[in-house]
Amino acid sequence: MVSRPPTLDCSRQKEKEKIVPRSFYENPDVVKVAKGLLGKSLFTRIEGIITGGIIIETEAYAGVNDKASHVYNNRRTKRTEVMYGPGGIAYIYFCYGMHHLINAVTNVEGIAQAVLIRALHPTHGLKTMCERRGKTKVDKTLTSGPGSLCKALGITMEFYGEPLDSSRLWIKDSGLVVPDGNLLTTPRIGVDYAGDDALLPYRFVIL
DNA sequence: ATTGAGATTATT
DNA sequence: ATAATCTCAATC
């Protein structure tokens, strides 16, 4: 009999200890979750390759009364279905015919809120992310912008409904604390169609 | 069956 | 400023 180490994947085990728990996403205040996700890290593992980075920009989408949200006026379709599910799940959608965007669904089952992840500071799998983005070297745009970061991490509709604590998609608490002084709050990007709700201070950026 | 517009990005 | 590009949902 050959002996074997107690765990096959120690590094992964270590990651798992800090994975953000379901309870974090169940917070009834989606704005708090959006702020709280700043400084945490988003990862994918595809074909054994881990890519990811620190979340530095988010937006809150407040649900059926938010004119900017896909679920405004109780719109419930195949596309938006996961937003009505429990928190801690990925809501992915395809936009402008070419970009995938990723949200963390928040709140409890039946209440459709989500946080759009808009930018990362790249930390893991830089080479792979550059390849996916068609770049020869890391630059400022590698994972800045919701479409760009999804492309860099290989996120597609395959990840629709994926739990955010799964083996191929997860968010980790890196213990980073964001001081209020380093937090910028602005209206959301690209939601001019939302009338007065376009003015809500629901975008959060680490300076 | 058709159509219009979108939580964007890279380039002109 | 604008082309690229396609899915979905609303409308006819």
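Below, read A as the first sequence line, B as the second, and so on, with proteins coming before strands; counting in each chain starts at 1.
- A heavy-atom distance below 4.0 Å to DNA chain B is reached by these residues of residues 98-120 of chain A, ordered by number: A:His99, A:Leu101, A:Asn103, A:Leu116, A:Arg118.
- Counting to the nearest Å, the C1' atom of C:dC8 and the OH atom of A:Tyr160 are 12 Å from each other.
- When the P atom of B:dT8 is taken as reference, atom CZ of A:Phe94 falls 14 Å away, rounded to whole Å.
- In this entry the distance linking NZ of A:Lys140 with P of B:dA10 reads 15 Å, nearest Å.
- A heavy-atom distance below 4.5 Å is not found between the side chains of A:Thr106 and A:Glu26.
- Hydrophobic clustering, with ILVMFWY side chains joined whenever heavy atoms are under 4.5 angstrom apart, keeps A:Val191 apart from A:Tyr72.
- Among the atoms of the strands shown, none is found under 4.0 Å from any heavy atom of A:Arg76.
- With rounding to whole Å, A:Ile155 atom CD1 is found 15 Å from B:dA7 atom C1'.
- The CD1 atom of A:Ile92 sits 17 Å away from the C1' atom of C:dC6 (whole-angstrom rounding).
- Between A:Tyr93 atom OH and C:dC6 atom P there is a gap of 17 Å when expressed in whole angstrom units.
- Distance noted for atom C1' between C:dT2 and B:dA5: 16 Å (whole Å).
- Aromatic pair A:Tyr93/A:His100: centroids not less than 6.0 angstrom apart.
- B:dG6 has no stacking from A:Tyr193 on its base ring, since the centres under 5.5 angstrom apart and planes within 30 degrees of parallel are not both found.
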